[in-house]
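Working notes, structure below.
Model, not experiment: these values are computed from the prediction. Within every chain, numbering begins at 1; the chains are lettered A, B, ... in the order of the sequence lines, protein sequences first and strands thereafter.
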Amino acid sequence: MTIYRDRRKREFIAKLSISNYQLTINHYLLQTQFIYQHNSKMQIKELLNGFSEGKVAKVRGRLISFRPHGGSAFGHIKDSTGRIQIYGKVDKLSNFAEFLHLTLGDIIEVEGELFLTKTSEKTIFLSSFSILTKPQNPIPKEWYGIKDVELKHRKRYLDLLVNEEVKERFEKRSKIISCLRRLLDEKGFLEVETPMMHTIAQGAEAEPFLTHHNALDLSLCLRIAPELYLKKLIVGGLDRVYEIGKTFRNEGISTLHNPEFTILEAYLAYANYNDMMELSSWLISSVAKEVLSETKIIYDSNTIDLAPPWKKLSVFPAIEEAVKEEVKDLEDCARVCEKLNIKEIEDPFKTLVDRFVQPNLIQPTFLVDFPAQLSPLAKKRADDPNIAERFEIIIAGCEIGNAYSELSDPDEQLENFKRQGKVDYDFVSALSYGLPPTGGLGIGIDRLVMLLTNQTSIREVILFPLLKPNEEVRNVVIPK
RNA sequence: GGGCCGUUGGCUCAAUCGGCAGAGCAGGGGACUCUUAAUCCCAAGAUUAUAGGUUCGAUUCCUAUACGGCCCA
């Protein structure tokens, strides 16, 4: 449903000779040609690359600037690959009058001879043009862009159209993800898809979104992590698996949290958390090298070098150093929180780490030696049963990833589940068939993209971040 | 959940101490045959987020609500 803001515009459109129906037909024919005639597929970048004066070319794009002067007019059209100048002249273009009626945002097809203007700009001298789609609402001008953050998020299509750097940022996101895939594929990892609807929310400490399957009359929740299913695949002999996909946590929204976010989880059999340190630093530095052609990045005024090896930091000594108190275990954490007058917190350990340790870790750091009690799916260290073989990846003061040697003992897993108060017997059963020593890694893709695109809000790297419906949406959507 | 800030035409922004809501761009009409943020002329476009309150008078001050941003939890 379109909201017509500009009444005059709407009336003007109504007077146009081309009906919407015809536009649709035109467009459909074009799509058909697109499929069957290979040479009609040309995009602007291709045209610019193969540019030679005198050649005749046909391209399609959106009109982003228009400068008529009487008997001629210049403009620019752009598609996803680039932009090119077009030039129409009254004696060359039979429908020149209609040409002069073009407005910014019109989606047109143009055909003509290529030439260079006197400033040597590559230009198409139009012999014909046609309107493929006539927008009913105006498109803001690129020069001014869209700055209103709410508008940028609600109408991302306008943000993408008008703000070039936004388009580039999301292209970069896409490259980062495809690069991660390629790197893992090359190492023999198999990409898999596991259920997003779970009967028990497991794999992380988070509130799930609840839903229901009607035919089975079954209560389900959206996954808060893919972890357990992926480990079942390791039991099943798929020794190297990974999944990149959405995960859902029914929690607050912040510059670091969106209720649905993208996670990469990778599991490697016959490996432990040390191997995962190697894998994760290699992955992240390789992605940076490939996408930014540099392992040194600038993030929020810090220069960060992602090249391995990364620093390792034991978490309890790090807390001690930060709060200048003796902190050896979880009781100490609770005591320190009390002493510092930090109240109403669920997890004193996490609070101290988040507040006092993490913010100071700008360069990539493996934060190691997490308490076993807070790591119910991780293997305990052989020399210290209170400590898990687990680490978090901290870069620019932000938790980017989490990994451990996977717990493979079904009895111990069952005990851990019971202590948490929710038991996934299905998973315990899977473990009872034998999980090889396995290293597991989770990386928050959105945060990684933030890091590599120098964005301080997660909403700037998610195309459509969750927003409360505003009046416009509520008025249109609610059917009751 | 708490604190602070914001919301003015389609977009980007003004509006002095509480005193006639204004500009640029976009959109409409006109002039202009190598422009590129084209230029020039004309006309139009606003329930200042919403609902109240104070006041002779509110974009401006107060209260509540909605949405957003940042910070904290």
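- Between B/A51 and B/A58, the two C1' atoms lie 15 Å apart (nearest whole Å).
- Taking 4.0 angstrom as the limit, A/Arg67 places a side-chain polar atom (N or O) nearer than this to OP1 or OP2 of B/A38.
- Taking 3.5 Å as the limit, the base of B/U7 and the side chain of A/Glu150 contain no donor-acceptor pair of atoms between them.
- Among the protein residues, A/Phe66 comes within range of no part of the nucleic acid, since none of its heavy atoms lies under 4.0 Å from any strand.
- Within the nucleic acid shown, A/Leu467 comes within 4.0 Å of sugar-phosphate atoms alone, with no base atom in reach, counting heavy atoms only.
- Within the 4.0 Å cut-off from OP1 or OP2 of B/G69, at least one side-chain nitrogen or oxygen of A/His153 is found.
- Applying the Watson-Crick and G-U wobble criteria (two distances, each under 3.5 Å), B/G27 pairs with nothing in any strand.
- Looking at heavy-atom distances under 4.0 Å, A/Glu121 makes contact with a base.
- Between B/U33 and A/Lys89, no contact under 4.0 Å exists linking OP1 or OP2 to a side-chain N or O.
- B/C34 atom C1' lies 17 Å from atom CG of A/Leu114, rounded to whole Å.
- Between the C1' atoms of B/C17 and B/G24, the separation comes to 28 Å (whole Å).
- Set against B/A38, B/G28, B/C11, the side chain of A/Ile146 has B/C11 as its closest nucleotide.
- Of all nucleotides present, none satisfies the Watson-Crick or G-U wobble test against B/A58 with each distance under 3.5 Å.
- Once the 5.5 Å centre distance and the 30° plane angle are applied, the aromatic ring of A/Tyr144 is found not to be stacked with the base of B/C11.
- Considering only side-chain N and O atoms, A/Thr119 lies nowhere under 4.0 angstrom from the phosphate OP1 or OP2 of B/U35.
- Taking the C1' atoms as reference points, B/A49 lies 24 Å from B/A44, given to the whole Å.
- Residue contacts for A/Val162: at a heavy-atom cut-off of 4.0 Å it reaches no nucleic acid atom on any strand shown.
- B/G6 and B/A46: their P atoms are spaced 26 Å apart (whole Å).
- Between A/Phe391 and A/Tyr273, the two ring planes are tilted [angle within 30° to 60°].
- Aromatic rings of A/Phe370 and A/Phe349 (six-membered ring for Trp) have centroids within the 6.0 Å cut-off, being under it.
- Within the 4.5 Å cutoff, the side chain of A/Gln202 has no heavy atoms near those of the A/Ile224 side chain.
- Comment: A/Glu326 does not engage A/Arg335 in a salt bridge, judged by the lack of any side-chain N to carboxylate O separation of less than 4.0 angstrom.
- Base orientation at B/C41 is anti, since its O4'-C1' glycosidic dihedral falls outside 90° of 0.
- Here the separation of B/A43 from B/C4, taken at their P atoms, is 47 Å to the nearest Å.
- Spacing between atom NZ of A/Lys118 and atom C1' of B/U33 amounts to 11 Å, rounded to whole angstrom units.
- Distances shown here put a side-chain N or O of A/His101 below 4.0 Å from the OP1 or OP2 atom of B/G29.
- Under 3.5 Å, the side chain of A/Ser65 and the base of B/U35 form no donor-acceptor pair of N or O atoms.
- A/Glu460 pairs with exactly one of A/Arg156, A/Arg447, A/Lys172 by the salt bridge (charged side-chain N to carboxylate O under 4.0 Å, His left out) rule, that one being A/Arg156.
- For the pair A/Ser254 and A/Lys147, nearest-nucleotide mapping onto RNA chain B gives the more 5' position to A/Lys147.
- Of the candidate nucleotides B/G28, B/U36, B/U33, B/U33 has the atom nearest to the side chain of A/Asp91.
- Atom CG in A/Asp148 sits roughly 14 Å away from atom C1' in B/C5 (whole-Å rounding).
- A/Ile64 has its CD1 atom 19 Å from the P atom of B/C25, to the nearest Å.
- Spacing between B/C34 and B/U60 at atom C1', rounded to whole Å, works out to 49 Å.
- Taking atom C1' on both nucleotides, B/C70 is separated from B/C61 by 25 Å, rounded to a whole Å.
- Look at A/Arg355 and you'll find a side-chain N or O under 4.0 angstrom from OP1 or OP2 of B/A73.
- Straight-line distance between the C1' atoms of B/G30 and B/A15: roughly 32 Å, to the nearest whole Å.
- Backbone-only engagement by A/Gly145 is indicated by non-hydrogen atom pairs under 4.0 Å involving sugar-phosphate atoms exclusively.
- Residues A/Met277 and A/Val368 meet the side-chain proximity criterion, which asks for heavy atoms closer than 4.5 Å.
- Residues A/Leu114 and A/Leu47 form a side-chain contact, since some pair of their non-hydrogen atoms from C-beta on lies under 4.5 Å apart.
- For A/Ser72 and B/U35, a side-chain-to-base donor-acceptor distance below 3.5 Å is absent, hydrogens and geometry of angles not being considered.
- Distance A/Lys468 NZ to B/U50 C1': 15 Å, rounded to the nearest Å.
- Contact of the A/Trp310 side chain with the A/Thr365 side chain is not registered, since no non-hydrogen atoms from C-beta on lie closer than 4.5 Å.
- For A/Leu256 and B/G69, the CG to P distance is 14 Å, given to the nearest whole Å.
- Among the heavy atoms of the strands, none lies under 4.0 Å from A/Thr123.
- Phosphate proximity of B/C25 to A/Lys141: absent, as no side-chain N or O sits under 4.0 Å from OP1 or OP2.
- Of all nucleotides present, none satisfies the Watson-Crick or G-U wobble test against B/A14 with each distance under 3.5 Å.
- The CD1 atom of A/Ile139 sits 15 Å away from the C1' atom of B/C25 (whole-angstrom rounding).
- Base-pair partner of B/U7: B/A66 (Watson-Crick or G-U wobble, both distances under 3.5 Å).
- Below 30°, between 30° and 60°, or above 60°: for A/Phe125 and A/Phe115 the angle between ring planes is between 30° and 60°, a tilted geometry.
- Where A/Ser457 and A/Gly70 each meet RNA chain B at their nearest nucleotide, the meeting point lying more 5' is that of A/Gly70.
- Here A/Arg459 lies in heavy-atom contact (under 4.0 Å) with sugar-phosphate atoms only.
- Note: CZ (A/Arg154) to C1' (B/A49) measures 12 Å, nearest angstrom.
- Across every strand in view, B/A43 sits unpaired, with no contact that passes the Watson-Crick or G-U test at under 3.5 angstrom.
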